[in-house]
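Scope of the values below: all heavy atoms of this structure, side chains included, with no hydrogens, waters or symmetry mates. When a ligand or atom number is given, it counts from 1 through the structure's own listing order.
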Amino acid sequence: MQYRNARIEDIPGVARLQSMYHVSTISPEDKPDGFVTTLFTEAQFRELIEAEDGLAIACAGDEVIAYAMAASWHYWSAWPLFQHMIEDLPNVVYLGQRLSTENSYQYGPICIRRDYRGTEVLPNLFEFSRRQMAKRYPILITFINTRNPRSFRAHTKKLGLEVIKTFTFNDNLYYELGYDMSKPTPNHTLGPE
Ligand SMILES: CC(C)(COP(=O)(O)OP(=O)(O)OC[C@H]1O[C@@H](n2cnc3c(N)ncnc32)[C@H](O)[C@@H]1OP(=O)(O)O)[C@@H](O)C(=O)NCCC(=O)NCCS
């Protein structure tokens, strides 16, 4: 398995995965195992790659089988849900720090093709992304829909993210979670940094 940052030519592979598991297009059989909520246009994928270097992927041969996004709050401010989270940052103290757009970034969505779930891809892709973002920010912030129990379990029990609070947006209840970027990911199998 190869972990690397996506290039422009990887966008079609990432977009294919997005359409398989996005809440608006996912099959009824796949939905109980989780879905992604943020929908990226081609231009937003491009900006994520070119301006943020924030699209981590796992490749089996030349197929993209997983992706994880990570970017500054400035990038995410295009989506209303993130505007809501940005406005709330100063109300939250986590790891002894009042959150801001300077000391934190937003990780996610992450998406792993069905046949690679329950494997080392989850901790390894998270660790690959963490190593890069740890150079820029001390705190990771993310959100998970309370109707996505698989993702919640994966992130809290396996990766060690901590619940900071819950919040409601557009009639959905979300967990807001955080992670101390100085901590290596539990159970990853990547080589030394
Ligand atoms: C979320 C996701 C990245 C997690 O990666 P993963 O490889 O599936 O995670 P794992 O299988 O290692 O861990 C999931 C845990 O939840 C458990 N689980 C599975 N289905 C579950 C369910 N319906 N409810 C609660 N827990 C569930 C698994 O058993 C496992 O726990 P265990 O290993 O202790 O038994 C992956 O499932 C995925 O891409 N889902 C579709 C997109 C998505 O939901 N992205 C996240 C958006 S926030």
Which pairs of nitrogen or oxygen atoms, taken one from ligand 1 and one from the protein, are under 3.5 angstrom apart?
| unit_1 | atom_1 | unit_2 | atom_2 | d |
| --- | --- | --- | --- | --- |
| ligand 1 | 7 (O) | Gly118 | N | 2.8 |
| ligand 1 | 8 (O) | Arg150 | NE | 2.9 |
| ligand 1 | 8 (O) | Arg150 | NH2 | 3.1 |
| ligand 1 | 11 (O) | Gly118 | N | 3.3 |
| ligand 1 | 11 (O) | Arg150 | NH2 | 2.8 |
| ligand 1 | 12 (O) | Lys158 | NZ | 2.9 |
| ligand 1 | 31 (O) | Arg153 | NE | 3.0 |
| ligand 1 | 33 (O) | Lys158 | NZ | 2.7 |
| ligand 1 | 34 (O) | Arg153 | NE | 3.2 |
| ligand 1 | 34 (O) | Arg153 | NH2 | 3.0 |
| ligand 1 | 37 (O) | Arg150 | NE | 3.4 |
| ligand 1 | 39 (O) | Ile112 | N | 2.7 |
| ligand 1 | 39 (O) | Ile112 | O | 3.4 |
| ligand 1 | 40 (N) | Asp33 | O | 3.3 |
| ligand 1 | 44 (O) | Phe35 | N | 3.0 |
| ligand 1 | 44 (O) | Phe35 | O | 3.4 |
| ligand 1 | 44 (O) | Asn148 | ND2 | 3.0 |
| ligand 1 | 45 (N) | Ile110 | O | 2.8 |

Check: Does the side chain of Thr37 come under 3.5 Å of the side chain of Asn145 through a donor N or O and an acceptor N or O?
Finding: no

Next item on the list: Please list, chain by chain and in numerical order, all residues satisfying side-chain contact (heavy atoms from CB on, under 4.5 Å) with Thr142, sequence neighbours excluded.
Entry: Gln106, Tyr107, Leu140, Leu161, Leu177

Next item on the list: Return yes if a side-chain donor-acceptor contact under 3.5 Å exists between Glu120 and Asn187, otherwise no.
Entry: no

Checklist line | Cationic N near anionic O, under 4.0 Å, Glu50 to Arg7 | finding: no

Notebook entry, point to check: Is there a donor-acceptor pair closer than 3.5 Å between any side-chain N or O of His155 and the backbone N or O of Ser151?
Noted result: yes

Notebook entry, point to check: Judged by modelled atom types alone, do Thr166 and Glu176 share a side-chain donor-acceptor pair under 3.5 Å?
Noted result: no

